[in-house]
*Asks:* 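Structure below; questions to follow.
Residue numbering restarts at 1 for every chain, and letters A, B, ... go by the order of the sequence lines. Remember, it's a predicted structure, so these values are computed and weren't measured experimentally.
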Amino acid sequence: MPRYNPAVIEPKWQKVWEESRTFACPRLPKGRKLYVLDMFPYPSGNGLHVGHPEGYTATDIVCRFNRMRGVSVMHPMGWDAFGLPAEQHAKKTGTHPRATTEKNIGNFRRQLKMLGFSYDWDRELATTDVSYFRWTQFIFLVLFDTWFDATQQRGRPIAELPIPTGVAAEGEAAMDRYRDEHRLAYQLEAPVNWCPALGTVLANEEVTGGVSERGGHPVVRLPLRQWMLRITAYADRLEKDLGQLDWSEGIKLLQRNWIGRSTGAEVDFFIGQSSDASRADAYEGWKRDRGHTGFPTKPGDDVLRIYTTRPDTLYGATYMVIAPEHPLVERLTSPEQSAKVREYCQQAARKSDLDRTDLAKEKTGVFTGSYAINPVNGQPTPIWVADYVLISYGTGAIMAVPAHDTRDFEFAKQFNLPIVAVVDPGEAAGSARDDLLAGRVAFIADGVAVNSGPYTGLPTPEFKRKIAEDLATQGIGRSAVNYKLRDWLFSRQHFWGEPFPILHELDAACNRTGRMRALDPRELPVDLPTEMAFDAAHDRPEPPLDKAPADWLYVTRDGKRYKRETNTMPQWAGSCWYYLRFLDPKNGKGLIDPEIEQAWMPVDLYVGGAEHAVLHLLYARFWHKVLYDRGYVSMPEPFQKLVNQGMILGENNEKMSKSRGNVVNPDEVVREYGADALRLYEMFMGPLEAVKPWSMDGVSGVRGFLDRAWRMILDDRAEAVQLNAAVQDVEPSADQNRMLHKTIKAVTTDIEQMSFNTAIARMMEFANFFLKEETRPRSAMERFVLLLAPFAPHMAEELWAALGHAKTLTYEPWPTFDEAAIREDTVEIPVQICGKLRGRIQVPADADKAVMEAAARAEPKVAELLVGRTVVKVIVVPGRMVNFVVR
RNA sequence: GCGAGAGUGGCGGAAUUGGCAGACGCGCUGGACUUAGGAUCCAGUGGAGCAAUCCAUGCGGGUUCAAAUCCCGCCUCUCGCACCA
């Protein structure tokens with residue numbers, strides 16, 4: 001047989017696999033099942049990146065390994081194909097995004113097939129397929145039809161939403177409005193970054209310093225009607241259920257931080273109704289009333305409600321801060337301060353979120369001129385407006401305790417506000433304590449209360465518990481939980497995304513009445529219009545679909561005229577549930593057959609980049625929980641085990657990018673070294689999860705191994721297929737057998753632990769050993785080929801065939817090992833004196849302590865060094881080492 | 001600033017979890033075969049030393065018969081979050 005030539009054998013085996021549908025997966029698993037999922041790629045115009053095959057090879061190895069162990073393996077692939085680039089391309093060239101997308105998918109598919117991954121290609125799907133997004137739209141309808149029952153902590157049909165009698169009394173329209181306010185999918189006026197010059201709405205990351213990243217055009221923030229998804233309702237469950245998942249603690253923590261659960265209290269500070277004269281009386285009256293009425297769900301306009309995680313520092317509150325967008329700003333501003341406050345708020349409105357959270361910047365704010373009364377001590381406390389308080393978190397207002405909060409401390413220093421310490425760090429804190437008491441630093445940890453009225457002397461945790469109770473009894477506060485997580489802004493002003501299955505009612509003058517109507521699931525899919533002009537310049541931040549042909553845009557139902565929703569869904573939508581559709585990709589009756597879902601879910605192994613550690617995984621988990629609550633899926637979590645592959649850097653240790661000129665093209669690597677070499681190298685580079693630099697020399701190194709493995713079994717100088725003369729039908733020697741079984745064991749356990757780099761090292765050792773052997777037992781060679789198969793499947797198939805097998809090795813049983821064959825008769829043991837290596841001895845593997853010690857004492861070098869010394873202690877670890885402790 | 005992870009030869013990385021540091025690969029050195037070598041094969045390769053030996057897992061302490069591994073204190077790098085009260 002000629003030399004190893006991947007350019008010939010790789011396409012050959014890919015064709016065999018494709019034609020015999022080798023990796024086709026049954027509708028339902030037979031026996032043990034394993035669902036192995038890759039994060040499906042966005043098919044960009046640049047083609048595959050070497051980062052893609054990293055995770056894909058890892059999962060492919062796991063799949064091929066498990067097939068050989070008789071497991072029913074589900075391993076699908078598809079395309080996350082919506083996205084802005086195709087739309088931008090359309091604007092430039094007029095090419096429909098679908099055409100661009102299909103072309104790019106074609107290229108990605110070719111590249112993935114070239115690498116020999118064992119996907120069941122019959123299950124291929126793209127998020128842009130009408131038959132797919134029909135069900136994405138269906139799930140949106142489920143979200144739209146669901147409200148979150150906080151008491152039961154689960155999503156329920158909107159029809160089951162209890163309507164308060166007061167609302168019901170107002171009539172049908174009020175009830176509709178009430179329902180709309182409670183749906184998991186709801187509408188909101190939210191500011192967007194509108195760039196007039198580019199004629200598009202930009203994401204926050206695309207705007208820096210008030211201008212667009214691309215082109216540097218001015219960006220304005222405009223309120224626009226948006227769709228939101230109430231993910232915050234599921235915050236608690238999204239956090240709690242992380243516990244049952246087999247994910248790295250790092251990723252779980254990332255999600256926990258993102259959800260950002262905090263516990264504390266809401267407290268009402270009395271602000272009264274204006275006239276200063278009767279204020280003290282009014283306050284007393286208010287407090288008395290609250291004692292009877294309790295803490296109201298919604299704050300009245302006589303109070304400023306704040307949220308704090310440190311109710312134990314109430315006595316240290318020296319001022320209050322409200323966000324510039326707070327509804328009470330105007331009311332709380334005194335005439336003298338009015339001009340200043342108005343200007344400050346306008347300035348804040350112009351700043352983007354990013355500008356406002358700019359680090360290292362000085363704190364800004366203005367005094368409103370009014371005071372709120374601290375309910376624990378009756379102290380009038382000045383109210384400031386400052387943009388370091390966010391309207392979107394908590395109640396948009398805080399009590400500031402500069403002695404025990406760094407941000408408040410900075411602000412107080414800036415504006416010379418009083419600082420009152422109410423938590424004593426204790427004697428142990430030393431100088432830090434003095435600094436705190438002198439107002440030089442803020443102390444944010446727990447301690448013991450001081451200057452806190454009846455609470456003085458209580459340790460922080462106890463104080464928190466106690467005051468929460470007391471506030472509740474007095475009706476001036478209550479325990480509260482807050483999350484950093486925000487509701488999900490779910491609409492985009494783009495063409496190339498899933499249309500919403502929503503109609504807006506129009507009046508006779510073609511204006512929206514504000515009422516909307518969800519399409520019936522039977523009316524799905526809503527396809528995108530095929531005839532669209534993409535060059536239309538935009539002068540308003542309206543979605544491109546506003547310019548869709550009228551026959552698409554306007555519809556009539558039950559005699560009423562409607563306009564379709566023209567926002568589209570974000571790219572995240574399609575990737576939120578693709579793992580379900582893979583299981584039943586052609587189902588025209590439902591998003592998935594429950595029998596199939598129950599049989600295959602959850603995903604047993606999910607591999608992808610860490611860049612999706614938060615958003616994608618959180619969004620998908622959220623959708624899954626809603627589907628679970630509404631009975632479409634049978635378990636609450638979709639991804640049981642998650643592994644994040646590390647990024648592959650360029651040869652220069654920098655991130656790969658066109659501008660750095662260090663991009664490695666998989667096509668070229670395959671052309672020069674073969675797909676098996678690429679696969680093997682990506683696995684050999686280091687641990688899957690580690691960040692590691694590319695090395696072409698490394699690729700050529702593993703290619704060298706493949707060449708040697710080839711020559712170990714085949715005669716590469718013969719014209720026809722011919723085994724190497726050393727390969728013979730003989731029994732392996734004890735040494736050969738030991739190497740064989742050691743290798744089987746190591747490769748098996750390494751694959752199970754996804755430690756692919758060491759598995760490859762063990763196979764290299766095997767080849768290095770057997771290349772030196774004059775005779776290579778055929779049985780050993782065959783089992784080696786099976787071990788190699790998950791890593792380098794093309795070569796393995798070729799060698800397997802050359803060894804006389806007619807069928808693919810895909811379903812050959814995985815080799816087993818025998819511990820007895822691995823065991824050595826004698827082992828070499830290090831002998832130490834005082835922990836230093838002084839000699840080595842050969843002893844029987846099962847030698848007991850006495851035998852080992854005797855052998856060690858007999859070792860000439862050791863014996864010499866022990867002369868004239870007192871052996872204080874001898875440590876003997878059977879099968880490991882001997883150590884003499886001498887004086 | 002907060003959080004997480006990581007520091008081992010010239011390089012990528014191993015090390016049964018406290019038991020011979022440096023598996024495997026790259027690179028390098030020497031040799032063989034060659035018109036040729038960026039092919040293949042053989043030998044060597046952490047540092048210092050002629051050697052015995054000594055020194056070596058970011059730095060400094062500690063525990064232990066024994067530490068890359070455990071504990072304490074630092075330093076550096078990477079990633080994530082970034083005024084969330």
Side-chain angles (χ1 to χ4, degrees), chain A residues 3 248-254 256-258 260-262 264 306-310 313 317 321 354 356-361 363 386-390 392-401 404-408 410-411 444 482-486 610-611 613-614 644 646-647 649 651 653 680-681 684-687 689-702 704-705 707-708 711 716 746 749 755 757-765 767-768 771-772 828-840 861 871-877 879-886:
Chain A
R3 287 186 15 203
S248 77
E249 282 309 312
I251 296 292
K252 287 191 193 178
L253 195 69
L254 229 52
R256 282 204 187 93
N257 290 344
W258 191 263
R261 185 177 203 269
S262 81
I306 59 103
Y307 170 72
T308 178
T309 54
R310 294 295 300 270
T313 59
V321 183
L354 230 70
R356 274 175 62 161
T357 58
D358 202 3
L359 52 149
K361 84 161 193 191
K363 295 224 171 351
D387 67 2
Y388 83 90
V389 169
L390 310 174
S392 47
Y393 186 79
T395 59
I398 62 155
M399 65 167 190
V401 186
H404 305 290
D405 182 286
T406 23
R407 296 149 303 184
D408 298 344
E410 282 169 24
F411 191 83
I444 55 169
N482 260 299
Y483 302 92
K484 288 193 206 175
L485 183 69
R486 301 295 145 81
E611 67 273 20
V614 176
N644 287 117
M647 206 190 343
L649 305 174
E651 299 225 39
N653 253 297
L680 209 60
Y681 173 66
F684 188 61
M685 292 172 83
E689 304 196 59
V691 177
K692 41 213 179 282
W694 187 267
S695 156
M696 243 4 139
D697 286 337
V699 184
S700 117
V702 295
F705 160 66
D707 283 321
R708 289 197 301 281
R711 286 198 306 271
D716 67 331
T749 54
S755 175
N757 54 333
T758 52
I760 294 165
R762 297 290 90 85
M763 289 190 284
M764 287 173 167
E765 285 179 299
N768 291 345
L771 277 163
K772 292 197 178 90
E828 193 189 66
I829 296 289
V831 181
Q832 299 175 347
I833 295 174
C834 284
K836 297 223 152 115
L837 182 67
R838 292 303 179 204
R840 296 169 206 277
K861 184 76 164 283
V871 175
V872 183
K873 198 174 176 187
V874 185
I875 291 111
V876 182
V877 183
R880 281 251 175 275
M881 47 80 66
V882 180
N883 188 13
F884 294 99
V885 185
V886 300

*Asks:* Is A:Lys861 touching bases, backbone alone, or none of the nucleic acid, heavy atoms closer than 4.0 Å?
*Replies:*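 Touches sugar-phosphate only.
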
*Asks:* Between the base of B:C81 and the side chain of A:Lys484, is one N or O donor paired with an acceptor at under 3.5 angstrom?
*Replies:* no

*Asks:* For atom CG of A:Leu649, is the number of surrounding heavy atoms from other residues, nucleotides or ligands below 6.0 Å larger than 12?
*Replies:*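 Correct, the count exceeds 12.
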
*Asks:* Over how many whole Å does the gap from A:Met696 atom CE to B:C11 atom C1' extend?
*Replies:*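 Whole-Å distance recorded here is 16 Å.
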
*Asks:* Look at A:Tyr388 and B:A85 and indicate whether a side-chain polar atom (N or O) is within less than 4.0 Å of OP1 or OP2.
*Replies:*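 Looking at the OP1 and OP2 atoms of B:A85, neither is under 4.0 Å from any side-chain N or O of A:Tyr388.
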
*Asks:* Considering only B:G12, B:C83, B:G3, which nucleotide approaches the side chain of A:Phe684 most closely?
*Replies:*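 Of all the options, the side chain of A:Phe684 is nearest to B:G12.
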
*Asks:* Give one of base, sugar-phosphate or nothing for A:Arg261, where a contact means two heavy atoms less than 4.0 Å apart.
*Replies:* nothing

*Asks:* Name the closest nucleotide to the A:Leu253 side chain, picking from B:A85, B:G3, B:C81.
*Replies:* B:G3

*Asks:* Between A:Arg711 and A:Leu771 (side chain of the first, backbone of the second, donor and acceptor by atom type, cut-off under 3.5 Å), is there such a pair?
*Replies:*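 Such a contact is absent between A:Arg711 side chain and A:Leu771 backbone.
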
*Asks:* Measure from CE on A:Met764 to C1' on B:G12 and round the result to the nearest Å.
*Replies:*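 Atom CE in A:Met764 sits about 12 Å away from atom C1' in B:G12.
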
*Asks:* Just checking A:Ile398: base, sugar-phosphate only, or nothing, at a heavy-atom cut-off of under 4.0 Å?
*Replies:*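 Base contact.
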
*Asks:* Please report the closest heavy-atom contact between A:Met685 and A:Pro693, naming both atoms and the distance.
*Replies:* CE-O, 3.2 Å

*Asks:* B:A85 and B:U78: how far apart are their P atoms, nearest whole angstrom?
*Replies:* 28 Å

*Asks:* Say we look at B:C59 and B:C79: how far apart would their C1' atoms be, to the nearest angstrom?
*Replies:* 24 Å

*Asks:* Rounding to an integer number of angstrom, what distance separates B:A36 and B:A56 when you compare their P atoms?
*Replies:* 48 Å

*Asks:* Could you measure the distance from the OH atom of A:Tyr681 to the CE atom of A:Met696? Nearest 0.5 Å is fine.
*Replies:*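 Answer for the OH-CE pair, A:Tyr681 versus A:Met696, is 9.0 Å.
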
*Asks:* Of the candidate nucleotides B:G19, B:C26, B:G25, which contains the atom at the shortest distance from the side chain of A:Asp697?
*Replies:*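 Closest of the options to the side chain of A:Asp697: B:C26.
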
*Asks:* What's the gap between B:C24 and B:G19 when it is taken at their C1' atoms, as a whole Å value?
*Replies:* 22 Å

*Asks:* Paired with B:G3: which nucleotide, if any, by Watson-Crick or G-U wobble criteria at under 3.5 Å for both distances?
*Replies:*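 B:C79 - that is the nucleotide pairing with B:G3, both distances being under 3.5 Å.
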
*Asks:* Name the closest nucleotide to the A:Asp405 side chain, picking from B:A85, B:A4, B:G19.
*Replies:* B:A85

*Asks:* Rounding to a whole Å, what distance do you find between A:Arg708:CZ and B:U40:C1'?
*Replies:*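 From A:Arg708 CZ to B:U40 C1': 11 Å.
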
*Asks:* Once you round it to whole Å, what is the distance between C1' of B:G19 and CD1 of A:Ile829?
*Replies:*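 After rounding, the gap between these two atoms is 10 Å.
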
*Asks:* Any N or O donor-acceptor pair linking the side chain of A:Asn883 to the base of B:C65 at under 3.5 Å?
*Replies:* yes

*Asks:* Is the base of B:A85 touched by the side chain of A:Arg310 through a donor-acceptor pair closer than 3.5 angstrom?
*Replies:*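 Counting by modelled atom types and ignoring angles, no donor-acceptor contact under 3.5 Å is found here.
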
*Asks:* Given atom CD of A:Gln832 and atom P of B:A21, what is their separation to the nearest angstrom?
*Replies:* 7 Å

*Asks:* Could you state the interatomic distance from OG1 (A:Thr308) to CD1 (A:Ile398), rounded to the nearest 0.5 Å?
*Replies:* 8.5 Å

*Asks:* Using the C1' atom as the reference point in each nucleotide, state the distance between B:G46 and B:U8 in Å, no decimals.
*Replies:* 10 Å

*Asks:* If I pick the C1' atom on B:A66 and the same atom on B:C81, what distance separates them, to the nearest angstrom?
*Replies:*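 To the nearest whole Å, 42 Å.
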
*Asks:* NA contact type, A:Gly701, heavy-atom cut-off 4.0 Å: base, sugar-phosphate, or nothing?
*Replies:*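 Touches sugar-phosphate only.
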
*Asks:* 5'-most contact on RNA chain B: A:Gly698 or A:Gly250, nearest heavy atom basis?
*Replies:* A:Gly250

*Asks:* When you measure from the side chain of A:Lys363 to the backbone of A:Asp408, do you find a donor-acceptor pair of N or O atoms at a distance under 3.5 Å?
*Replies:* no

*Asks:* Given that A:Asp408 and A:Glu765 both sit by RNA chain B, which one's nearest nucleotide is further toward the 5' end?
*Replies:* A:Glu765

*Asks:* Using a distance-only criterion (donor-acceptor N/O pair, under 3.5 Å, no hydrogens), is the base of B:U16 paired with the side chain of A:Arg880?
*Replies:* yes

*Asks:* Let's test this: given Watson-Crick or G-U wobble pairing with both distances under 3.5 Å, identify the partner of B:C59.
*Replies:* B:G73

*Asks:* Which part of the nucleic acid, if any, lies within reach of A:Arg762 when heavy atoms closer than 4.0 Å are counted: base, sugar-phosphate only, or nothing?
*Replies:* base

*Asks:* Do the side-chain N or O atoms of A:Asn768 get closer than 4.0 angstrom to the phosphate oxygens (OP1, OP2) of B:G25?
*Replies:* yes

*Asks:* Mind checking A:Leu254 for me? I need base, sugar-phosphate or nothing, with any heavy atom below 4.0 Å counting as a touch.
*Replies:*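 Sugar-phosphate, backbone atoms only, no base.
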
*Asks:* Heavy atoms only, 4.0 Å cut-off, all strands: where does A:Thr758 land among base, sugar-phosphate and nothing?
*Replies:*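 Result for A:Thr758 = sugar-phosphate.
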
*Asks:* Can you tell me how far C1' in B:A15 sits from the matching atom in B:G22, rounded to whole Å?
*Replies:*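 Result for the C1' pair: 8 Å, nearest Å.
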
*Asks:* As a test of reading the structure: which of B:G12, B:G13, B:A85 is closest to the side chain of A:Asn757, going by heavy atoms?
*Replies:* B:G13

*Asks:* Which one is paired to B:G18, where only Watson-Crick or G-U wobble pairs with both distances under 3.5 angstrom count?
*Replies:* none

*Asks:* Does A:Ser262 reach a base, just sugar-phosphate, or nothing at all? Heavy atoms under 4.0 Å.
*Replies:* sugar-phosphate

*Asks:* For A:Lys836 and B:A56, give me the distance from atom NZ to atom P, rounded to whole Å.
*Replies:* 9 Å

*Asks:* Classify the nucleic acid contact of A:Arg486 as base, sugar-phosphate or nothing, counting any heavy atom under 4.0 Å across all strands shown.
*Replies:*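 The residue A:Arg486 makes base contact.
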
*Asks:* As an exercise, state the distance from CD of A:Glu765 to CD1 of A:Ile760, rounded to the nearest 0.5 Å.
*Replies:* 13.0 Å

*Asks:* Base, sugar-phosphate or nothing for A:Glu410? Non-hydrogen atoms, less than 4.0 Å.
*Replies:* nothing

*Asks:* For the side chain of A:Val877, starting at C-beta, report the closest nucleotide among B:G19, B:G3, B:A85.
*Replies:* B:G19

*Asks:* Measure from the side chain of A:Pro687, starting at C-beta and using heavy atoms only, and say which of B:G3, B:C83, B:A14 lies closest.
*Replies:*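 Nearest to the side-chain atoms of A:Pro687, counting from C-beta on, is B:A14.
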
*Asks:* Syn or anti for B:U17? Use the chi torsion, O4'-C1'-N9-C4 for purines and O4'-C1'-N1-C2 for pyrimidines, with syn inside 90° of 0.
*Replies:* syn

*Asks:* Which is it for B:G9, anti or syn, if anything within 90° of zero counts as syn?
*Replies:* syn

*Asks:* Any strand counts, and the cut-off is 3.5 Å on both contacts for Watson-Crick or G-U wobble. Which nucleotide pairs with B:U45?
*Replies:* B:G27

*Asks:* Fit a plane to each ring of A:Tyr393 and A:Tyr307, take the angle between them on a 0 to 90° scale, and name the class: parallel (under 30°), tilted (30 to 60°) or perpendicular (over 60°).
*Replies:* perpendicular

*Asks:* Can you tell me how far P in B:G27 sits from the matching atom in B:U35, rounded to whole Å?
*Replies:* 25 Å

*Asks:* In Å, rounded to the nearest 0.5 Å, how long is the span from CZ of A:Arg3 to CG of A:Asp707?
*Replies:*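 The distance works out to 7.0 Å.
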
*Asks:* Among B:A14, B:C24, B:A85, which is the nearest nucleotide to the side chain of A:Tyr393?
*Replies:*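 Between B:A14, B:C24, B:A85, the one nearest the side chain of A:Tyr393 would be B:A85.
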
*Asks:* Could you state the CE-P distance from A:Met685 to B:C24, rounded to the nearest angstrom?
*Replies:* 20 Å

